[in-house]
Q: 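Shown below is the structure under consideration.
Just so it is clear, the structure is predicted and the values come from calculations on it, not from any experiment. To find a chain, count down the sequence lines: A is the first, B the second, and so on, and within it residues start at 1.
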Amino acid sequence: MCAIVVTSEYARNYILKEEKMKKLALCLTVLLVATTLFAAGSKEAVPEAAVTLHWYSHASSLGNTEKAIIEKFNETNPNITVEVIELPEATNDKLQALLIALQSGDSSIDFFNADVTWTATFASAQLIEPLDTWFPASERAGFLAGTIAAATYNDKLWGIPFRTDAGVLYYRKDLLQKYGKEVPKTYTDLFATAQEINEKEGGGLYALVGSLANGEGLTCNAVEWFYSNGGQVIGKDGSILIDSSQNRQILEMMSEAYANKLMPEGVLSYGSGDARSSMFQGKQVFMRAWPKAYAMGQDPAKSQVMGKLGVAPLPRGPQGTMGKSTLGGWQLFMNKNSKHKDASIKFMRFYASEYAQKLHTLNDSYMPARTTLYTDKDILEKYPHYSDFPQVLETAVPRPQSPYYAEISSILSAEVQNAMKGSKSAAQALSDAQKAMEQVGK
Amino acid sequence: MIKETILHKTLFYLFAIFFILTIGFPFFWQILNSFKMERDIFALTWFPSQYTVDNYVKAFTTRPLLSYLGNSFVIATFATIFSLVLGSMAAYAIARTPIKGKTPFLILVMSISLLPPIVIISPIYSIIRAMGLLNSYAGLIIVNVLFTLTVVIWFLTPYLHAVPKELEEAAEIDGASPAQAFSRIVIPLLGPGVFTVGILAFIQIWNEYLFALVLNPIRIKTVTVGLKMYESDNYMPWGTIMAAAVIIVVPLITLVLILQKRIIGGLMAGGIKE
Amino acid sequence: MKTLTRKQFGYLCMAPTLMIFLIFAIYPVFRTILLSLYRFRLQTGPTKTFIGLDNYFHMFGDSRFFNALFFTLLFTLLTVVTEVILGLIFAQLMNLPFKGRGALRVVVLIPWAIPTIVSGFMWKFMVHDQYGVFNQILQTLGIIDSFLPWLSRDTSARLVLIMSDIWKTAPYVSLLVLAGLQTIPKTLYEAAAIDGAGPIRRYFSLTLPLLKPVLATAVLFRLISSFKVFTVIVALTNGGPGYATESLTMYTMRTYFDAGNYGYGSALATFTLFVTCIIALLFTDVIRGKIDGGKRSRP
């Protein structure tokens, strides 16, 4: 900056004679040298005999648990440094950034956090390392079946699961108690209960909220609506089943709820953070969110409803047999071109170990991928509602494993939004989604 | 006549106020909110009782803003210098030397300046990847040079036409080669013009987004890509984002204010070339 | 050392620039057009299958493509027309000989100088449905009852995008027009006034025709610039709600980098090139003028 001002002074007032030219050249050279040093200096110096691993991960969790886990890891592996580099926030942005980087043969990424829906995409593009030998069947037994299934593609194992997720219903237990209401088991009951409470409280409360902005968040919510009403999206044989009467019914119900202002008007551009914000500011009776919102809801800096949150399985639709959650979760993939595969797998396994998963669960109310942790004393003491989770997880709906998943998801998300905001009828939106999905990959 | 002037005067000052309000308000709001605490931002209190610099601290600590700024600066500086050097050479060749193919070349320059980046983004990504320059300084520098070259050539060619031929001819009579005439006579006279277009180029590169997003998504992020990284947990920390935005924008505005005569001159010259 | 002739020196000076143009512009354009004739996507590996014009047939049956095209054309038209009109008005007023107009010209520069992503975020914050100051002001003035979710509805989301672009660019256009205004000699106005022409007549018969070259240049560049809109959408709506604000460039980017469909993406990109060429062809006068201006010095 100063250099620019200085040179501007020269240029402004003097014709550039040779003398001044030399000074200008000198200024520029100094500037160039400085910026070159900056550019060169941003590469790290790696000490010999030590390994630095680059882990492309989420932003730090609420409890800064990643740091604690790395420190514990270093107790037994002092010569392996793990550097965390943050990926962009939105899941789609993460995917885009990783695909771009890995396709270039970049070897500076060693391993990275991957959403459960990415396995087919990365595996079919041959960007990640199969982990069957490093993560043998004997070890996989300790993990939830759904998580291992999500990490498998074409009969090979590609990822190590460290976290699972399932959409759950949050409710204001203080309000339900006050009016003697049960936790609703159907969406019809949910809306009725919420409306009654809202009237009696004098208004200002919305019934339901979720991350309904265009994107993967909406796909998760919509999949839950459909399956909770007995519908499907893609059948086991790969056929597209999204255009069905059950799906139409539940989508119409949700669109009407939005039109009748039972959801916040801005909900169609809400990410999970905005949805949580509405709940934490006390404007909701119910919210659909991932389990980690519970820990956030107890943070007085962000939440006005501490101690007032209850968690329950999602309700079902009129034609459904039970409420279904979308199965989410995260796993670690290893870059095929990593130069430190042995060191990487050491940390990857540690991060999926009982110690690490338990720490994340306690600090950040994550859902662990290991079965034993759901009967762990400490976890149940802090989060009694975790006893519900095994059943939720068993019946949770995984999203379709497809190399074209990103396209399918974006079609689903956009058409559901079209129905919600009333640009299309639910029937039209689902019919268009059906047609578009059948075209994908052709 | 008097009536006309009063009408004009009122119009002018009304307009001036309106103008300054509409342009200035977003900035005022941005700066004001960068000093507010989160609860005041949510409650929309315009002038809370307590202010804080916490957002500015967070802007630097929650994301590596300093390195984003550094990256943008390095890329913009080098790309500007390269395009100035190459561009002035090309402009000289057009304005002063009897080469053939000037019209096709100028058509080419014009076409590139009008070319939507989306048309070439995928092949450029492949080329830069093949060169091993993804997530580097060099990759983005080269791509930005492509576009700012056109700006430099457009600006400097007529500028050079205005430089009197006599000076060079005198040098050549004295025995200087064309190269020597170029470096000793023309370059010094180019000074102010080069400086002006250099500023325009620098600002253009600093603000670039599309190529920065595609070519440097993981490392060596520029400031434009970096600003999007502040979203955390699907939640926008508006106070911090506003603070980061202020930090990004203040140097630009300072630059513009200091060099405004040149910039306005440069932009206006660009608009009326016949 | 053998000294070069002027001609040789000229070619030498051109060479590096030409090389950059060739490798990074000319070759990529042809490659994009070529790739649009192939089926080539991430999921099917590095093999490319020649499919002729199939991508284009698919495009003309793609409702999402037409949606993107419609929105892009709407955006382009509305922004350019508004910016030109506002630019004319602003320039006229800035041309008045009053104190402070110098400062005004500097203020005008500032929106142009900041990155689009920053101005996009500024606007996103101001129209927020829970803590946006616009909502607050409108509510206080009694224009609306409750805060509007601007970015959750099709029409209002598009409106915000357009307004944000106008805010950023109309000042710049007014500068260009001002430059044009200042080249019109005052004597012409005086002569017209003597001939009995009133201010309105003078404007339409004298000023506007003389501004035509400046306006034509501005319109050409703004048309092409608006057609490729992308960054401001990323900041404000990310194409939503639904696909309401997904521009052609955004759809192409998503096809390339989210879906990994390089063949179809190249077809979309080629279409964008095609439209840009048409726009440029409409303005050949302007282009020819600029090129001639590059070949000779100003009169």
Side-chain angles (χ1 to χ4, degrees), chain A residues 90 92-93 95-100 102-103 120-127 212-215 218 258 261 263-271 274 277-278 281 283 402-411 413-424 429 432 435-436 439-442, chain C residues 39 41-46 51 54-55 57-58 61-65 67-68 124 127-132 135 144-157 160 233-234 236-246 250-251 253-265:
Chain A
N92 291 345
D93 291 342
L95 178 64
Q96 202 183 81
L98 285 165
L99 281 176
I100 291 177
L102 289 174
Q103 278 176 75
T121 309
F122 280 92
S124 66
Q126 295 163 22
L127 298 171
L212 301 187
N214 212 350
L218 176 52
Y258 174 70
K261 302 211 195 324
M263 302 188 204
E265 284 176 52
V267 76
L268 294 181
S269 47
Y270 277 10
D274 299 307
S277 174
S278 189
Q281 307 299 324
K283 298 187 186 152
S402 161
Y404 304 102
Y405 180 71
E407 257 177 281
I408 292 177
S409 172
S410 88
I411 293 170
S413 166
E415 293 299 349
V416 167
Q417 270 217 343
N418 281 334
M420 292 290 286
K421 60 180 169 152
S423 326
K424 292 186 188 175
D432 290 344
K435 282 200 214 98
Q439 284 297 305
V440 168
K442 300 227 163 58
Chain C
R39 177 176 152 79
R41 47 185 316 168
L42 185 66
Q43 291 86 354
T44 52
I51 54 170
D54 271 5
N55 278 325
F57 291 137
H58 182 240
D62 184 4
S63 64
R64 193 169 162 191
F65 161 72
N67 179 71
K124 187 167 186 178
V127 300
H128 200 277
D129 65 310
Q130 285 176 31
Y131 25 84
N135 276 319
I144 55 174
D145 286 322
S146 59
F147 280 19
L148 291 179
W150 292 86
L151 300 178
S152 292
R153 306 240 180 89
D154 288 5
T155 320
S156 51
V160 172
I233 304 176
V234 168
L236 274 165
T237 59
N238 231 5
Y243 292 133
T245 57
E246 187 179 65
M250 178 163 265
Y251 182 36
M253 282 289 283
R254 286 176 165 169
T255 308
Y256 270 139
F257 297 110
D258 282 354
N261 194 345
Y262 299 109
Y264 187 54

Q: Between A:D274 and A:V267, is there a donor-acceptor pair closer than 3.5 Å when you use the side chain of the first and the backbone of the second?
A: no
Q: Can you say whether A:Y270 sits under 4.5 Å from chain C via the side chain, the backbone, both, or neither, judging by heavy atoms?
A: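 The side chain, not the backbone.
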Q: Taking the basic N atoms (NZ, or NE/NH1/NH2) and the acidic carboxylate oxygens, is any pair closer than 4.0 Å for C:R39 and C:D54?
A: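 C:D54 and C:R39: not salt-bridged.
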Q: Partners of A:F122 by ring pair (Phe, Tyr, Trp, His ring centres under 6.0 Å), sequence neighbours excluded?
A: A:F112, A:W118, A:F333
Q: Given that the side chain runs from C-beta out, which part of A:K283 has a heavy atom under 4.5 Å from chain C: side chain, backbone, both or neither?
A: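 The side chain, not the backbone.
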Q: Check each atom of A:S413 against the heavy atoms of chain C and say whether the ones under 4.5 Å are side chain, backbone, both or neither.
A: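 For A:S413, there is no contact with chain C at all, as no heavy atom is under 4.5 Å.
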Q: With respect to chain C, which residue among A:G266, A:A125, A:G215, A:A406 yields the maximal number of heavy-atom pairs within a distance under 4.5 Å?
A: A:G266
Q: Can you say whether C:R64 sits under 4.5 Å from chain A via the side chain, the backbone, both, or neither, judging by heavy atoms?
A: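 For C:R64, the side chain is the part near chain A, not the backbone.
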Q: Can you spot which of C:T237, C:N135, C:D129 makes a side chain to side chain donor-acceptor pair (under 3.5 Å) with C:W150?
A: C:N135
Q: Enter the distance from C:T255:OG1 to C:M250:CE here, rounded to the nearest 0.5 Å.
A: 11.5 Å
Q: By ring pair (Phe, Tyr, Trp, His ring centres under 6.0 Å), which residues pair with C:Y262, not counting sequence neighbours?
A: C:F40
Q: Which region of C:E246, side chain (C-beta onward) or backbone (N, CA, C, O), has a non-hydrogen atom less than 4.5 Å from a non-hydrogen atom of chain A, or is it both or neither?
A: neither
Q: Under a 4.5 Å cutoff for heavy-atom pairs, which residue among A:E265, A:Q281, A:M420 has the most contacts with chain C?
A: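 Heavy-atom pair counts peak at A:E265.
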